[in-house]
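Ligands are counted one by one from 1 in listed order, and the atoms in each one are counted from 1 as well. Given the structure is predicted, the values throughout are model-derived calculations rather than measurements. The first residue in the sequence is number 1, and the count goes up from there.
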Amino acid sequence: MKYIIGNWKMNGSKDMAWKLSLDLHQFLAANTNVQAKMVICPPFPYLPVTHDFLARHDSKLGLGGQDCSDKESGAFTGDISATMLHDAGCEYVIVGHSERRQYHQEADSLIAQKIVAGQKSGLNVVLCIGETKDQREAGKTMAILSTQLKGCLIAGIDSKKLIVAYEPVWAIGTGLNATGDDIVTAHAHIKKELTSILGQGGQAIAILYGGSVKASNAKEILSAPGVDGVLVGGASLKADEFTAIYQAA
Ligand code: PEP
């Protein structure tokens, strides 16, 4: 089964969240032949309106948070715990997104603790990794992916509640996307590392691609060997684009 996960980032409104949930839910209800899991990750304040809608309609659309704290509760102003996300109806949480790494200086050691916290709360964790443009041009892509995986996947992590998203930083929100060959090579490398770090369980972990995925390139990306789905930013804000990506699965 492929995953089609939408990361709304810091976009939307209460009305938009309701309308987009309605459009996506209606699409899924009318297209039960597609064997793929669609998940949306709205900003925190819009989780209740989205969850209420999905629960009331017994929807197949999954819900996720865009980040969580590594802490359980307490004096951490502005943070949201994984338990709160679960309580709000989420089944998934994204951690280690390059925008969190870049604008909030999140290091692999912190992301590792967020994975532990997310899984402990019953969430499926989507771990984002990827190289910057400079790292790519210096020929360091595979080394960076290995370092990020080794730093984030510490003892106690449950491979059954883990999804990895390969998101080259230079491809996020830029309109540029990695070539099919780049994606296949990176995903094969990630699979090898996951198996070496987590053993047999690592083999079965879904590996998604993210970075300027849209309706026009989704089919090519989703049919590349080793691609178990896509993490979509900008194009997940429009029902017609996002459902066309889903259909490509
Ligand atoms: C993302 O935010 O994870 C992402 C891949 O963004 P975009 O699709 O806009 O490049």
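- Below 4.0 Å from some heavy atom of Ala171 lie the following atoms of ligand 1, by number and element: 10 (O).
- At least one heavy atom of Ser212 sits closer than 4.0 Å to an atom of ligand 1.
- The ring of Tyr246 has its center closer than 6.0 angstrom to the ring center of Phe27.
- Using a cut-off of 4.0 Å between Lys/Arg side-chain N and Asp/Glu carboxylate O, Asp108 and Lys150 are scored as not salt-bridged.
- Gly233 N, 2.8 Å is the protein heavy atom nearest to atom 8 (O) of ligand 1.
- Between Arg100 and Glu106, at least one side-chain nitrogen of the basic residue sits less than 4.0 Å from a carboxylate oxygen of the acidic one, meeting the salt-bridge criterion.
- Contact annotation: for Ala235 versus ligand 1, there are no heavy atoms closer than 4.0 Å.
- Heavy atoms of His97 come nearer than 4.0 angstrom to ligand 1 in at least one pair.
- The structure places CD of Gln148 at 9.0 Å from CD1 of Ile190, a figure rounded to the nearest 0.5 Å.
- The backbone and the side chain of Ile172 each have at least one atom closer than 4.0 Å to an atom of ligand 1 (non-hydrogen atoms only).
- Among protein heavy atoms, atom 9 (O) of ligand 1 sits closest to Gly234 N, 2.9 Å.
- Not close to ligand 1: Cys128, with no non-hydrogen atom less than 4.0 angstrom away.
- No side-chain donor from either of Trp8 and Gln66 sits under 3.5 Å from a side-chain acceptor of the other.
- Residues Glu193 and Ser146 have side chains that bring a donor and an acceptor to within less than 3.5 angstrom of each other.
- For the residue pair Ser81 and Ser73, no side-chain donor N or O sits within less than 3.5 Å of a side-chain acceptor on the partner.
- Every atom of ligand 1 with a heavy atom of Gly211 under 4.0 Å away is listed here by number and element: 5 (C), 10 (O).
- Proximity to Lys9 (heavy-atom distance under 4.0 Å) selects the following atoms of ligand 1: 1 (C), 2 (O), 4 (C), 6 (O).
- Counting only N and O atoms by type, the side chains of Thr195 and Gln200 include no donor and acceptor under 3.5 Å apart.
- Atoms of ligand 1 lying under 4.0 Å from any heavy atom of Asn7, numbered from 1 in the order shown and given with element: 1 (C), 2 (O), 3 (O).
- Heavy-atom contacts of Gly173 reach the following atoms of ligand 1: 7 (P), 9 (O), 10 (O) (cutoff under 4.0 Å).
- Nearest to atom 5 (C) of ligand 1 among the protein's heavy atoms is Glu167 OE2, 3.0 Å.
- For the pair Lys71 and Phe76, the cation-pi criterion (under 6.0 Å, within 45° of the ring axis) is fulfilled.
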